[in-house]
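Fair warning: this is a prediction, and the values are worked out from it, not measured in the lab.
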Amino acid sequence: MTAGAPGAAGEGARLGGPALRLTVLVGENDRRHHRPLYSEIVHRARAAGLAGASVFRGIEGFGASSLVHTARLLSLSEDLPVAVVIVDTEERVRAFLPELDGLRPAGLVTLERCEVLRYAGPDGADGHGTGEGGA
């Protein structure tokens, strides 16, 4: 699942060079007002004008509860780990953190410095059209 916002990273600006990657690890079944928490995070990131967000579904993992969640056929667990990854400038990501804090996600939230080598849509544009990829 991906989302990008018109005008993300500044009107007409290219996202490139030093950036910050925000990763939020939650459970697939975590909810916020009857909506999957990962979806709420993506939609709030888009509304905040961040460059993009992607959701990745894990096949196995455990967190603070130490309970292993897995997609294996005979497993009883279906609450698989989900990672929401957002990449943008440090300023924009840090400005989004209070919005994330308001959701009070149970899980792990990390920040890592990274470098954006390319941020472009399928037509080679700088990520400000339809169909652009997420983080």
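- The distance from the CZ atom of Arg113 to the CZ atom of Arg21 is 12.5 Å, given to the nearest 0.5 Å.
- Checked against side chain to side chain donor-acceptor pair (under 3.5 Å), Arg57 has the following partners two or more places apart in sequence or in another chain: Glu28.
- Linking ILVMFWY side-chain heavy atoms closer than 4.5 Å, directly or via other members, places Val93 and Val26 in a single hydrophobic cluster.
- The nearest pair of heavy atoms linking Val82 to Gly27 is CG2-C, 4.4 Å.
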Donor-acceptor pairs under 3.5 Å, side chain of residues 96-110 to any protein atom, not counting sequence neighbours: which ones?
residue	atom	partner	partner atom	Å
Glu99	OE2	Arg44	NH1	3.1
Thr110	OG1	Glu112	OE2	2.6

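- Judged by distance alone, with hydrogens and angles left aside, the side-chain atoms of Asp30 form no donor-acceptor pair with the main-chain N or O of Leu37 at under 3.5 Å.
- Once rounded to the nearest 0.5 Å, the distance linking CG of Leu111 with CG of Leu20 reads 5.0 Å.
- Hydrophobic clustering places Ile86 together with Val24 (ILVMFWY residues linked when any side-chain heavy atoms are closer than 4.5 Å, directly or through intermediates).
- A salt bridge between Arg31 and Glu40 is absent, with no side-chain N of the basic residue lying under 4.0 Å from a carboxylate O of the acidic one.
- Using a 4.5 Å heavy-atom cutoff, the side chains of Val55 and Ile41 are not in contact.
- The shortest heavy-atom contact between Ala51 and Leu15 is CB-CD2, 3.5 Å.
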